[in-house]
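To start, the structure under review is shown below, and the notes come after it.
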Amino acid sequence: MEQSHIALHTAFRIGPVDPRIFGGFLEHLGRAVYEGVYDPGSVHADEDGFRRDVLEALRRLRMTGMRYPGGNFVSGYHWLDGVGPREQRPTVRDLAWQSIEPNQIGTDEFMTLCCKMGWWPMITVNLGTGTPEEARNWVEYCNSPAGTKYANMRAANGHPDPYGVRLWFLGNEMDGPWQIGHVPAEYYAIRAQQAAKIMKDTDDSIELVVSGSCNPDLPTYLEWDRQVLEYVGSYADYISLHRYVGNEAGDTLDFLAVTNAVDRQIEEVDAVCRFIQGKTRSRKRTYLCFDEWNVWYRARTPKDLDGKGQFAPHLLEEVYNLEDALVVAGFLNSFIRHAHVLKIANLAQIVNVIAPVMTRGDELLIQSIFYPFEMYSRRREGVSLLPVVNGPVYEGRTNGRATFIDASAILNQSQLHVFAVNRHPDEAAVVEISVGDRDLVAFEGAELLTGPHAQAANSFECPDVIRSQPFAEVRLNCGKAAAELPPLSVTVMTFALA
Ligand code: AHR
């Protein structure tokens, strides 16, 4: 059996883990909103038409923030269509997903949902077909005290108090040629700067995320970010990154090494931020916002992307398996390891569309990727420690060299959480954990996620093939811990330190 060592030291701190890296993303896409969170005809509907069972499941993920309303959808969305008396709201065509949008959920309903769930609302404005002024008016609607036009409109719609939405995204994937209103970087930068100025003039307490490179394979990767950051300047509190990964080649080990590529993407975009900060002699540090991330590669055929003019069509309904769950854990390890630069991240998405939770009529299914998010999110408070992993390595076909054990760690005063993925396809790993300057004095519990094989998945017929379970096989000896981690597994462990 292979042996690995995770070496930690409480002085080697990367930075506080920002709770906002445990965010989600809800888009008007497919069955995410309608038949997902909102389904007034369901037996599970609450007094506002939201599905109690879906919200109950999502509550377990302890998501901190929710990005809304898109995604590609937002680049053709006009927020005024989604406020006011429901029967007067227009039904419109959504060109991003070729679907019908009845606008029965809009800003106020989203705020009600956030309030029910304890989510911080995070809003993306339309910089595709929308104008900077429309974006600024939305800020007034959400954040200004009653007394002026859009704030009065909110009050008239039944919400006298401002919502206080802190985080706003300046458009979505504006570097992507598929995006409605896509323009070259220099044009987007002008639009974003114009919107940013008047949005912050309306409420100077808001924070802004500029639309960065959404895919490292695009020819404008990093150069787009450089141009945008240079022009938008100190308005850019954050720059966005997106990443969807997949195992198209059917090569599990290489797929599991994709964390190398995620690490690299974070470090490259951060390098651009630092370059611009240095070049412009600015005191302003732009941080990273990974506002869309997940596994997504199967439900990407033309029929998965085209709603064919229907309401709530079945789009992007990815079925997740065990190896996908390990990759989700790998993303989270990478985010925790970059806590000093990565402040926000949003799992894309939350229900029915590339999601941890699925509905079928009144039934609900928990997918494999739900579990690592839940396991990590339960243990997220604290400071990220630098994990040095020594142990056997392998060479991923495209993603390069990786240790079989992928790890991260969070120190919460005298409590230590260790997160470990065993990427080995068929061998358990004995992992020793030590903290150089402190003894581990008590084992406080652990959870394990594994399954019969890499492609095993939950289904409505067999919903419990992949699920987390308590894990007790952790031993303490002379201030160190040792555990035998099954092949293809995610384990989270909590210890008390001396
Ligand atoms: O999350 C699905 C889609 O992926 C989003 O609408 C878009 O931003 C990205 O390309």
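Numbering of ligands and ligand atoms starts at 1, following listing order.
Within the listing of ligand 1, atoms 2 (C) sit less than 4.0 angstrom from a heavy atom of Leu316. Residue Phe25 has at least one heavy-atom neighbour below 4.0 Å for each of these atoms of ligand 1: 1 (O). Those atoms of ligand 1 with a heavy atom of Gly71 less than 4.0 angstrom away are 5 (C), 6 (O), 8 (O). Residue contact check: Glu173 has heavy atoms under 4.0 Å from atoms 7 (C), 8 (O), 9 (C), 10 (O) of ligand 1.
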**OP:** Tell me, with the steps shown, if Asp254 and Arg397 meet salt bridge (Lys or Arg N to Asp or Glu O under 4.0 Å).
**Re:** CA-CA 6 Å; Asp254 188 44; Arg397 196 177 38 82; 3.6 Å; yes
Subject >> Pair Glu133-Arg136, salt bridge (Lys or Arg N to Asp or Glu O under 4.0 Å): steps then yes or no >> reply: CA-CA 5 Å; Glu133 189 176 25; Arg136 167 260 167 252; over 6 Å; no
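Thr107 pairs with exactly one of Trp79, Tyr141, Tyr163, Trp138 by the side-chain hydrogen bond (donor to acceptor under 3.5 Å, both in side chains) rule, that one being Trp138.
Residues that satisfy the side chain to side chain donor-acceptor pair (under 3.5 Å) test with Asp225, not counting sequence neighbours, are Ser213. Not counting sequence neighbours, the partners of Thr124 by the side chain to side chain donor-acceptor pair (under 3.5 Å) test are Arg67.
Aromatic ring pairs are classed by plane angle as parallel below 30°, tilted from 30° to 60° and perpendicular above 60°; the pair Phe373 and Phe22 is perpendicular. Taking the six-membered ring for Trp and thresholds of 30 and 60 degrees, Phe73 and Tyr77 have ring planes inclined between 30 and 60 degrees apart. Phe110 and Tyr68 have parallel rings, their planes meeting at less than 30° on a 0 to 90° scale where 60° marks the start of perpendicular.
Note: no N/O pair closer than 3.5 Å links Trp178 and ligand 1 by distance alone.
Of all the heavy atoms of Phe73, none lies under 4.0 Å from any atom of ligand 1, so neither backbone nor side chain is involved. Of the heavy atoms in Ile354, only side-chain atoms (C-beta onward) come closer than 4.0 Å to ligand 1. Heavy atoms of Trp97 found under 4.0 angstrom from ligand 1 belong exclusively to the side chain.
For Asn294, the closest heavy-atom approach to ligand 1 does not fall below 4.0 Å. Taking a 4.0 Å cut-off on heavy atoms, Val353 fails to register as neighbouring ligand 1.
Annotation: atom 2 (C) of ligand 1 to nearest protein heavy atom, Gln349 NE2, 3.5 Å. Of the protein's non-hydrogen atoms, the one nearest atom 6 (O) of ligand 1 is Glu27 OE1, 2.6 Å. Taking atom 1 (O) of ligand 1 as the reference point, the nearest protein heavy-atom neighbour is Tyr244 OH, 2.8 Å. Here the heavy atom of the protein found nearest to atom 4 (O) of ligand 1 is Glu292 OE1, 3.2 Å. Asn72 OD1, 3.2 Å is the protein heavy atom nearest to atom 7 (C) of ligand 1.
Seen from the ring of Tyr187, Arg191 does not count as a face-on cation partner, given the 6.0 Å and 45° thresholds.
Side-chain rings of Tyr188 and His182 stay apart, their centers remaining 6.0 Å or farther from each other.
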